[in-house]
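What you see is a predicted model, and the numbers here were worked out from it, not measured in a lab.
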Amino acid sequence: MNKLRYVLLVVPFAAAGWLWLGRATPTVRAESTTARPSVLVAPGRIEPVRDPVRLAFEAQGRIAEILVDEGDTVRAGQVLARLDSRLQAARVAAADAGLAQAKARYLLARRGPRAEDVAAARAKADAAAAAAEHRGAEQARSDHLGKVGALATTVVDADDAAARVATAQATAATARYRSLASGTRAEQIAEAQAAIALAQAELDAAKVALDQTVLVAPTDGVILRRTGEVGALVTLMAPAPVVSMADLSQLELRAEIDEVDVASIAVGQAAYATADAFGDRRFPVRVVRLTRELGRKTVRDDDPRARVDTRVLEVIARFDGTPGVGLPLGLRMQLHVGK
């Protein structure tokens, strides 16, 4: 009887518990479904549209001057720093002189000999021919006298040698005259042209070496850091940047969306950004790009309840107009996007 009484008491309580759980569960699910916020908030940082660049010299040497400082606005092509370039400048001057010499020799080859030089060569050839004729006559007379015994053999041999020398000199003089009269050979002109090309290449190389001693800004931007100092030695083994710069005329917000909220955001979506430093001010932005790969969270906020082990998708939002100009790089902001 005691056991039957115990069973009769337990059954009503079990039925009541079952009814209470069956009614309470839907209510909890409904509350969890409606508790999701209507605006998606994601932490992010301010970045330039183009990544900052670190500028270093392409040549080794000693820094002679640095013409900019942190925070300066620079234009594309503006000189930022210089190395000691005395050696490079001297090489440019030497190469320039070599080019001028090559050009002068080419002009001389193209124009050929002057008329005065041709006339002088002809006169020398005529004089040499006359001398050879005179020596030939003397040699013939000496030879006749030697045969009759009226002249010593040594004298006859000397006159014969002198006649042959005079003939050879006349032949050489005539050849020089004909060479001048016919002008410069085509091969000599081609050689002079090649010498000009070689000298020009040497000058170009010297100018490139001189240009490498000057550090210029590749684009418009602002100097972020100055890491070089005047007098420091620059080497090519481990090139050290002298300055870093970035174009701050266009800024963007790189935010991180939790994996569970990826379906709530799309390119072209209007949003706004806020920052603790600016209070309730809202900066209008527009989503311009979504990365294609989930990764680890890199932006930390001050909320101790925020999860740090979740996977996130990077979202890039561009400021409408130019309201983002003036915001410091790396400023932490919150991206607000309506779901």
For [X] and [Y], which heavy atoms make the closest approach, and how far apart are they?
X	Y	value
Pro48	Leu248	CB-CD2, 4.5 Å
Pro241	Ala56	CA-CB, 3.8 Å
Gly228	Ile66	O-CD1, 3.2 Å
Met333	Phe319	SD-CZ, 4.3 Å
Glu293	Leu313	O-CD1, 3.7 Å
Ile223	Met245	CD1-CB, 4.0 Å

Heavy atoms of other groups near [X] [atom1], more than 12 under 6.0 Å:
X	atom1	answer
Arg54	CZ	no
Glu191	CD	no
Glu187	CD	yes

So, are [X] and [Y] salt-bridged, with charged N and O less than 4.0 Å apart?
X	Y	value
Arg86	Asp84	yes
Arg50	Asp247	no
Arg254	Glu314	yes

Discussion item. Over 60° means perpendicular and under 30° means parallel, so tell me whether Phe283 and Phe278 are parallel, tilted or perpendicular.
Written reply: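 Because their plane-to-plane angle is over 60°, the rings of Phe283 and Phe278 count as perpendicular.
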Worksheet item: Do the non-hydrogen side-chain atoms of Leu55 and Val242 ever get within less than 4.5 Å of each other?
Response: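 Heavy-atom side-chain distance check fails, nothing below 4.5 Å.
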Worksheet item: Are any of the side-chain heavy atoms of Val315 and Ile265 separated by less than 4.5 Å?
Response: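 Contact flag for Val315/Ile265 side chains = yes.
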